[in-house]
Structures are given as structure tokens and as C-alpha cells.
There are 2 protein chains.
Amino acid sequence: MPLTPYAKKVMKRCEKLAQFSQHPDYIDRRYLTKEHKNANLQVAKWMQQAGMRTWQDEAGNQWGSYRSSSPNAKSLIIGSHLDTVPDSGKYDGILGVLLPISLVQYFHDHKQSLPFHLDIVAFADEEGTRFGTTLLGSRAVAGTWQEKWGCLRDSDDINLSSAMREFGLDINKIHAAARSVDDTMGFLEIHIEQGPVLESRGLPVGVVDGIAGAKRFEISVVGHAGHAGTVPMELRQDALAGSAQMIVMIEKAAKEHGVVATVGQIHSSSNAVNVINGNVVFSLDVRSLDNQKRDRCIDEIMNAIEHIAGYRGLDAKIRMTHDADATHCDKMLMDELRIACENSGIEPFNLSSGAGHDAMAIADLCPVAMLFVRCAKGISHHPSEAVTFEDVLNAMLVARSFIELKARTCEHELVA
Amino acid sequence: MPLTPYAKKVMKRCEKLAQFSQHPDYIDRRYLTKEHKNANLQVAKWMQQAGMRTWQDEAGNQWGSYRSSSPNAKSLIIGSHLDTVPDSGKYDGILGVLLPISLVQYFHDHKQSLPFHLDIVAFADEEGTRFGTTLLGSRAVAGTWQEKWGCLRDSDDINLSSAMREFGLDINKIHAAARSVDDTMGFLEIHIEQGPVLESRGLPVGVVDGIAGAKRFEISVVGHAGHAGTVPMELRQDALAGSAQMIVMIEKAAKEHGVVATVGQIHSSSNAVNVINGNVVFSLDVRSLDNQKRDRCIDEIMNAIEHIAGYRGLDAKIRMTHDADATHCDKMLMDELRIACENSGIEPFNLSSGAGHDAMAIADLCPVAMLFVRCAKGISHHPSEAVTFEDVLNAMLVARSFIELKARTCEHELVA
């Protein structure tokens, strides 16, 4: 039975949803805005058309449930987020909501019933762009919402509680958004890869084995400012030359340890062509699916920074700014996704996620899995973010096969 | 005969002149301002007290001449500049004007006549802070003033011609500021070192052998932006990691070639912890007293930048932004300064100037020499710029000895 028209619908709806933006020139859809509300209403309409019962939960997440007729049925949750960063693309998060809705439409059109409830969730805040804290929607669902978040403020100094009230939500009832552990079978998130691995392998989709844990640091290197013409090379304490050596070393250490490490920000005190830098501050982000491997690499980097600073007469101060452990995907769900790939004529391929996802939060609730979809040049968080129709169709084939596989397993269990 | 009270006067007058500032909180004295005029008037008064005939030339430079009674006497010019950068110190330039005035006061007090005119000059603009072009005062004196400079504009959009008129000068008469080659014996500039060499050698003064020629470049490195978590190390085209490697290489090349090279400015496109840099721009300043040595080093750097960019999949664009050849000090004047050091009980020591000075411009008029005075920690262009009374006294002893030596040589020549 062909999924082609359903995949076409996904592409069309991604375009449609891109119009819900708080900025006239680019896509920008943040938590608890008018556009968030309108996007939820639109998505709820599509869910209803697909035969789903819909509701918005107390955190502003939009739900649709394709109900099972089985007694005591549990829920398989599939979803991702609808919020975006400013000037974003049309697929990050959104694809993971619209693709399963269209798939449910297919089940609905073909009167295909399931032995579990298939719940589609559109998380309200993953990017954290408005209040500076990520995964607010999925954390509410996982039951890990933190009281203090009510006091988070946006750039207009509006706090989260007030924004919720304005939106029509009551922060005091936020705990009702939490799903029950007992009623939940598992969670699948379909998401664009946001990296170049699938493209470089020529694969439309990949099975995620885990989400890397990140540690972040701010490294401040203090040397001695001086005149570019008057201080001989051997008498310099050049904070930028020292930092450059550290950055080269960081790259080497990451490669050797098989982790990723990035220096994204760099600020130098001198803004003059003819002044030796006395002070440089740079950021460091190190990630791996293997926390120990990551920490071994970080240890080596920290020692090398000390060493380089030492013999150059520099002072290096290191401050940790972020620390999150890795999330591992569920082995059984992963195996089922691999079989679903094979069933769809796609070579099963595992890869890790370096970026954070709602699945990280939901892992506190139930077993999680992720299916990555190839995106052009690995670009995300940018208007040029792109996926092809063919890859969306392939992801849909894999998702359908995965659900049917789960359905058969579930029915066997019910019989046994 | 003790110079001590005269050196004390220099220290006191440096403090006094620091009060002529266009900013209430720090020293800032720019070309053609009220403070420039008042500083000239103050300096002229001190010159007159020392028995000098004074005048302000058509470029706003202040002159004082200690006249010789000899028929057909030429002029030995000693001086430096009175303008400052914003938030400057009290000695850069100023010391080289106030020290010789005090020395002339000594000659005057001791009724010591000279076989040449001793002309003290206070150049009006060396730093170029107001109009963006340096050495305006000394270039007018050297006869190398450029017509187009009349159109230079300051940050308030006032052009140089108007500023001159406002100050009481006529730009059409600027060529009258040029001194005659035939009447000029040579030029000596006394200046703080602005570097740490004398301090590291434990010497109060040093004889400058030349002023380095500088070439400057802007290097723009373009790679590919990406997500810090999702792009594997081997698939990255990280413009910052590539730039860091180039900066480390630049430092190494400079050391190997015996030149100084500085990366002062660096700007990265990413301002996020979790984004791989797609674009980095940095500056490069390379200096040497030996133009060929400098250019060989630059060739090596440029080749290495190409090589690093090539194998990292980066695009490096290099643009030259400044090109000035080295200025060599006059061998005979240098020898005389070295003898003057020995006569003053100071080990004669040669060093190069990496910074630009008025002597560079005056080298087009006559033989030039420079005497550097030790400054604390090599700091200049900063309120913490400092010289000791003892070092000023030593510089004064050397200058006196140098002038007396020149006087004896001159008298011998006159007799012969």
C-alpha cells in the first residue's frame, strides 16, 4: 500500500507550518506565543482529520491519540517539537510531529487498528529559545519539571508563570502534564540528523544509539599585553598565541579519544592590529556517547592547557559551565528499528546524536528510540535546512514497519 | 657639573604637561586641538626660559632654537612629539621634548655656547589619533607632506584644512614648515623604549640601530559552520581550528626568521558555544629591521597558510593592509651615541625599534639617531607608562655627552 501521498502531505504541511512565525521575514516560533497556540490548533486539526482524539496538556504540548480498541492497551508515543530557534528551518522537530500524524492518517484511511494507543506528541519547547532552558515541554511530560522554572524570564522580562497564564495554562497544574510510567510502552522520535554522517554514507535514515553527554567550559587565558613591534618573540606572553596552541591541541585530543570537541566562541582583549593580546577567553564543548571516554579526553585537555600556559608564562582559568551525561537508546527499540530498516530495503546503520533532543527528557519516563533522517549538508537551525521527499518517504516506511512490528509483538504478548 | 636638578625638572614638567588634556579623566591630546595649542604655549615658555628663540611652524610644530654664535652654523635637531593617544601615559614623545629643553637650560645656565644651532622640536602629530594618518608633524618638517591630507577627516567629520584654519594655520603655507636639507646636521630623538628589552638587560638607555618596517595583512578563513555535537571531527571544516593552527605556525616562523609577528585581532563568525566556526578573520603584523628577512618570513607564512587551508578544506583570503620599509639610523650618529654612553658609564647597547617614530619621517631630511630610555615593563600608550628619575638622568648625561662630542667634532672641522 503506497505511502507516497502521505509523505507528500508531510512535505506540504512542513511548508504550511513554517507560516506560523512571530517574525515576518523568517521562521521564529517560541514557547507560549500566539504562534505556538496557532500551530497547536493547526496540528490538532490535522490530528483530528487522522482520526485522533486530541488535547493540549498543562505544559502547552499538543497531543493526538489514535486509540486502540484493546482492553488495557498501553501507549506508544511518537513525536518531537514544534518550537523553533529564530531564523530556523522548516524541519527540525516539526518533521518528527507531522510525519507520524500523516502515518496515522494512513492507518486511519486503511482502517488499520493497533493493539496499543499510538500517541503523537508535539512538544511545546525543546529549543529553550524564549526562557533559556531547553526541553521544557518534554520534561513536563517525563515528570521532571522543576518548580523554579516558573521564575525563568524571557528577554522582555516576562516570567514563565505569567506567560503560561497569558497562554491559558496554570503552572500550578503543570504536574498533570506528566505521563504515567505504567501506561507507556516507549517513545520514538523522528528527527533530522543535523549532521553530515548519513549524507556522507549515502543513507536516507539511521538508527540513533544514544545522545551524547556534553560538558562545557569557559577558558580564560591571561598573558601580558604589549606592542607588536617592540616586544621580542622570546619575551612575549601572548594570550592569543597560547590559546591558538590550546585549540590545536583540543582538536588533536578529540580525534585521538574519538569524541567531538569544539571551540565555538573566542574573544580577545586586543582589538588592534599592533597589540599583543593580554587576555583571551574561549569556550570548549566536549561530547561523547561514552561519558568515561569524554572525561578522559577532558582530563587530557585540561592537563595540556595547564602545561601550555605554564611554559608560556600564561595564567589559564578553567570554569565548567555545563555538564550532562549521555542518554542511551533502548536496545530492543533499536533492534526493532533496524529490522524495520531492513524491511524497507534500507541498510540498518547506527549513529549517535551529538545534539540534544526531547528523547533525552523522555528517557526518564520510558525506553526511547530515535530515527534520524538525512538532511542537506548537515545544516540545521538555518533557513537552508532541507530534507528530500524521498528521504521522508523512506523514514515513513521505516516508521510504519516499526509500528507494525511492535503491533505483532504486542499481539503475541497478548495471546501468550 | 650636576644634571640632577635638570633631570628633576624633566620629571616635574612631564607631570605638568599631562594636565593638558581634552578629557577630564585621562590624558588625551590630539592634533590641532585647544590642548595642542596650550601645550605648545607652555613648552614655548620653557624654551624661552632656557634661552631659546621660539616659533610655531605652519604644521603646528613647536620649535625652540639655542642659537650658535658661529657664522654659517647648521642645526642639530633634537625632539619628539607632544600629541598622545587617548588614555595615554606621560612620557611617550613628551620625554623626548622636555629632556632636551632642560638640557638646553643647563647649557644656558652654564653659559655654554655651541658651534651649531641646537633646535628642539615638539612635533604636533605623531600618533595619528585624530586624522588616522601618523607622523603629520614630522612629515611637514621633512618636506614630505602630501596634498591629499588636507581632506583627511576626524571622527566629527572635520577635515584637516578646516581644523588647521581653526587652529590659526594656513594649509596652503604648509610647505614653509619644511626644513632645509643644507642647514641640517642631523636629528636625535630620545624616546621611551615601549618594549621590555632594556629592562630585561638591566640598562637605562640603548642606542637604536633602526626602525623596523612593517607589513600588515588581514587573513580571512572560510570553512563550514556546523553543530558542535553532530559533525564528526573528520568531517569538519572548522575555520577557528584552522586559524589556530595558522597562528601557531606564524609564531614559529617569526622565531625561526628572527622577526616579530603578531596576530592582534581575531573575529569569529560563531558567537555560540555549540557552533563550529564557519568564518574567522585575523590580522597579521610582521616587522623587521631587515626588509628581506621580513619578506622571506612572510613568504613562508603565506605558503603555510595556503597549505593549512588546503588540507583542511578551508578557503583563506589574504589582503595586505600596510607596507612600510625599515629605516636605518645613521652609523656615525650611532657611534657618537655609543661613545656618549661609555663616557656616561653606561654599557653601549644597540637595539631596534619595532614601533614607528618621528625619526622615520625625518630620515628623509637628514641623518637620524634615536636613544631609547628604559620604561617599566615595556608598557606604553597606557596610564601605567613609567620611567624612573635615574634613567632620565642617565639619558640626559648621554645626550649632553653626545652634544659635547658633536660640538668638538664640529669645532675641529671648523678649524681644519
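Since the structure is predicted, the reported quantities are computational estimates derived from the model, not experimental observations. Residue numbers begin at 1 in each chain, while the letters A, B, ... track the order of the sequences.
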Practice item. Starting from the C-alpha separation in whole Å, work towards a yes-or-no answer on side-chain contact (heavy atoms from CB on, under 4.5 Å) for B/N279 and B/V281. Key: CA-CA 7 Å; B/N279 199 336; B/V281 180; 4.2 Å; yes
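- Residue contact with chain A, scored on non-hydrogen atoms closer than 4.5 Å, involves the side chain of B/H267 exclusively.
- Proximity to chain A (any heavy atom under 4.5 Å) is shown, for B/T262, by both the backbone and the side chain.
- Remark: side-chain polar atoms of B/E385 are paired, donor with acceptor, to backbone N or O of B/D92 under 3.5 angstrom.
- In terms of heavy-atom proximity, A/M233 sits nearest to B/V260 at SD-CA, 3.7 Å.
- Under the 4.0 Å criterion applied to side-chain N and carboxylate O atoms, A/D325 and A/R294 are assigned as salt-bridge partners.
- The distance from atom CD1 of B/I276 to atom OG of B/S268, rounded to the nearest 0.5 Å, is 13.0 Å.
- Only the backbone of B/V275 comes within less than 4.5 Å of a heavy atom of chain A; no side-chain atom from C-beta onward does.
- For the set B/P196, B/G242, B/A225, the entry with the most heavy-atom pairs within less than 4.5 Å of chain A is B/P196.
- The residue among B/R216, B/Q245, B/E193 with the most heavy atom pairs within less than 4.5 Å of chain A is B/R216.
- Looking at B/A355, the atoms closer than 4.5 Å to chain A (heavy atoms on both sides) sit in the backbone and in the side chain alike.
- Summarising the geometry, atom CG belonging to A/L235 is positioned 5.0 Å from atom OG belonging to B/S200; distances are rounded to the nearest 0.5 Å.
- In this structure, chain B has heavy atoms under 4.5 Å from both the backbone and the side chain of A/T230.
- In terms of non-hydrogen atom pairs under 4.5 Å with chain B, the most contact-rich of A/A214, A/A244, A/A212 is A/A244.
- Heavy atoms closer than 4.5 Å to chain A are found in the side chain of B/H224, but not in its backbone.
- Note: B/R236 leads B/H322, B/R236, B/K255 in heavy-atom pairs under 4.5 Å with chain A.
- Chain B forms the most heavy-atom pairs under 4.5 Å with one residue out of A/G356, A/S380, A/G229, and that residue is A/G229.
- Taking A/I379, A/V263, A/T321 one by one and counting their heavy-atom pairs under 4.5 Å with chain B, the maximum is reached by A/V263.
- Only the backbone of B/V259 comes within contact range of chain A, with at least one heavy atom under 4.5 Å from a heavy atom of that chain.
- Counting heavy-atom pairs under 4.5 Å between each of A/V280, A/L240, A/V197, A/V273 and chain B puts A/V273 at the top.
- When each of A/D238, A/L351, A/V248 is scored by its heavy-atom pairs under 4.5 Å with chain B, the top score falls to A/V248.
- Interface check for chain B: of the options A/S243, A/A261, A/S352, A/S353, the most heavy-atom pairs under 4.5 Å are formed by A/A261.
- Between A/E251 and B/R312 a salt bridge is recorded (basic side-chain N to carboxylate O distance below 4.0 Å).
- Using a 4.0 Å cut-off between charged side-chain N and carboxylate O, B/E199 and B/R374 make no salt bridge.
- When heavy atoms are compared at a cutoff of 4.5 Å, B/A241 approaches chain A by way of both its backbone and its side chain.
- To the nearest 0.5 angstrom, B/H81 atom NE2 is 7.5 Å from B/H357 atom NE2.
- Taking CD1 from B/I250 and CD1 from B/I305, the interatomic distance works out to 4.5 Å, rounded to the nearest 0.5 Å.
- For the atom pair A/H382 NE2 and A/K377 NZ, the distance stands at 11.0 Å (nearest 0.5 Å).
- Per-residue heavy-atom pair counts under 4.5 Å with chain A were compared for B/E218, B/H381, B/H227, and the maximum is reached by B/H227.
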